[in-house]
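We count ligands from 1, going down the list as the structure has it; atoms in each ligand are counted the same way. Atoms considered below: every heavy atom in the structure, side chains included; atoms not considered: hydrogens, waters and symmetry mates. Keep in mind that what you see is a predicted model, and the values were worked out from it rather than measured.
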Amino acid sequence: MVCIGSSMELNSILERAEFKELPSDPVERVYRALEKIEKNRDLNAFVTVDAEGAIKKAEEIKRKITRGEKLGVLAGLILAVKDNISTRGLRTTCSSKMLENYIPVYDATVIEKVKAEDAIIIGKTNMDEFAMGSSTETSFFGPTRNFFDHSRVAGGSSGGSAVAVACDAVDIALGSDTGGSIRNPAAFNSIVGLKPTYGRVSRYGLIAYASSLDQIGPMAKNTLLTTLLLQVIAGRDLRDSTTLNKPVPNYIEEVLKEKDGIRIGVIKEGFENVDEKVSRKVYDALDILQKIGCVIEEVSMPFMKYALPAYYIIAMAECSSNLARFDGIRYGGKPVKGKWEEQLVKIRTECFGEEVKRRIFLGTFVLSAGYKEDFYIKACRVRRKIHDEFKFLLKSYNALATPTMPVLPWKIGELLSPLEIYMMDIETVAVNLAGLPAISIPAGFIGSLPVGLQLIGDHFDEATLLRISYAYENESGFNKWF
Ligand code: GLN
């Protein structure tokens, strides 16, 4: 059980999170959520809706309330889960034809944790196939649509989770972030999305894309719900040896602390190649932070521009190895007649989408003898440089700021070349290379389209990011914008 601390009981947390109705009737809340999902079906946020499971859980919570039993800290909250996080008995597809009918026999650690805290899992959300993409357009189940403009992309790869939150179908959602997949759709749908420090949250049961970069994280409409979900999922897990044995702070208490004197370095290079309107909105948000007592200064990170090529080399190299298991025998596809090699080729050709295959090819290439030194090893050196630059700046600043995305959400199908889409990750990938935590918070709208501000913190200092986000939320009122 998660201990939030006596000073901060569940009810007061939820009150602060603007939740007046909890935990009155969780079953009714589930029916309302199902209605919302139905109403927003055209947004294509969900791959699988588990109405039966959700109602069963809600009834269990109701019984606990009647009997006066202790409730978990997420009791009654409706949760959506990205479809690359394993859920026992509930289809987990990675939005790929390869896993179209895959039903895991075990829960990811984060799922065990949220279940123990009485969250109600309502379904699995749409994503780019195997989390490879920035717009949820590579999903086998078709793109998720942006909440604010249905002709535009939701961002990605956790597009379904972000839209499920934005359309109020769920209170909280889990996403995963390898190079921006939580922050990007959070920005494109005006919600909060946090990518925790590498090693803060267990990856056990997360279907791997690039294991040295992947992290699971929380998404919600406001800072406190995001914080609450982080509180539940954070911590060491013996089943994931990359999680660290570091105590998990009481994030809720941390978030409510005074924020005076926080120093924020604005990364100059983060504003290059950015739509001017987007930059202006982000500067406006920084003005608000200054107004509430943060010290804002410009800083430089010359190596940032090399993050994108380094990221794509490393991510593709790791994915080519991680996806080798999908051979139609151990996982994926349907058995076909003939020799094993023929079956392997047939199934991988048919069941992987174009983008996934492109990355497996490129990843295999950059790791191959004769090329490894030129690509993979060089990319790893750049990764170290980026890490060192961040660490140097974070000695003098509590957080660093950039726009989350360089542009506004684009029209579905508008960006045709893979390179054009890779370029959309220029602000987010450096963070994953360095293993740092980062948050995207709503910075306002241009017309009807939202902009996100990205704040990057030092390793294991999620609390500072959430504290800034909470103070900014109170000043800007972003939790009431829609
Ligand atoms: N857009 C990036 C990629 O395609 C990041 C995806 C992610 O974070 N899962 O690799």
Discussion item. For ligand 1 and S176, I'd like to know whether there is a polar contact (N/O to N/O, distance under 3.5 Å).
Written reply: no
Worksheet item: Can an N or O of A131 be found at a distance shorter than 3.5 Å from an N or O of ligand 1?
Response: yes
Per-atom contacts, ligand 1 versus [X] - under 4.0 Å to a heavy atom:
X: G179; result: 5 (C), 7 (C), 8 (O)
X: Y312; result: 1 (N), 2 (C), 3 (C), 4 (O), 10 (O)
X: M132; result: 4 (O)
X: S181; result: 5 (C), 6 (C), 7 (C), 8 (O), 9 (N)
X: S134; result: 1 (N)
X: G180; result: 8 (O)
X: G133; result: 1 (N), 2 (C), 3 (C), 4 (O), 6 (C)
X: D177; result: 8 (O)

Discussion item. Test your reading of the model: is there a side-chain donor-acceptor pair from E355 to the backbone of E129, 3.5 Å cut-off?
Written reply: no
Worksheet item: Taking the side chain from D177 and the backbone from I182, do they hold a donor-acceptor pair closer than 3.5 Å?
Response: yes
Fill in: Closest protein heavy atom (residue, atom, distance) for atom 5 (C) of ligand 1
Y311 OH, 3.3 Å
Worksheet item: Of the protein's non-hydrogen atoms, which lies at the shortest distance from atom 2 (C) of ligand 1, and what is that distance?
Response: D425 OD2, 3.2 Å
Discussion item. Within the structure, is a non-hydrogen atom of R359 found at a distance of less than 4.0 Å from ligand 1?
Written reply: yes
Discussion item. Would K357 pass as a cation-pi partner of F352, given that its NZ or CZ must be under 6.0 Å from the six-membered ring centre and within 45 degrees of the axis?
Written reply: no
Worksheet item: Can R88 be said to sit on top of Y106's aromatic six-ring, NZ or CZ under 6.0 Å from centre and within 45° of the ring axis?
Response: no
Discussion item. Looking only at the side chains, is there a donor atom on one of T125 and S161 sitting less than 3.5 Å from an acceptor on the other?
Written reply: yes
Worksheet item: Looking only at side chains, do D83 and T93 share a donor and an acceptor under 3.5 Å apart?
Response: yes
Worksheet item: Under a 4.5 Å cut-off applied to non-hydrogen side-chain atoms, are L174 and M219 in contact?
Response: no
Worksheet, complete the sentence: In F148, F445, W410, the residue satisfying ring pair (Phe, Tyr, Trp, His ring centres under 6.0 Å) with F188 is W410
Discussion item. Taking the ring of F482 and the ring of F147, is the distance between their centroids below 6.0 Å?
Written reply: yes
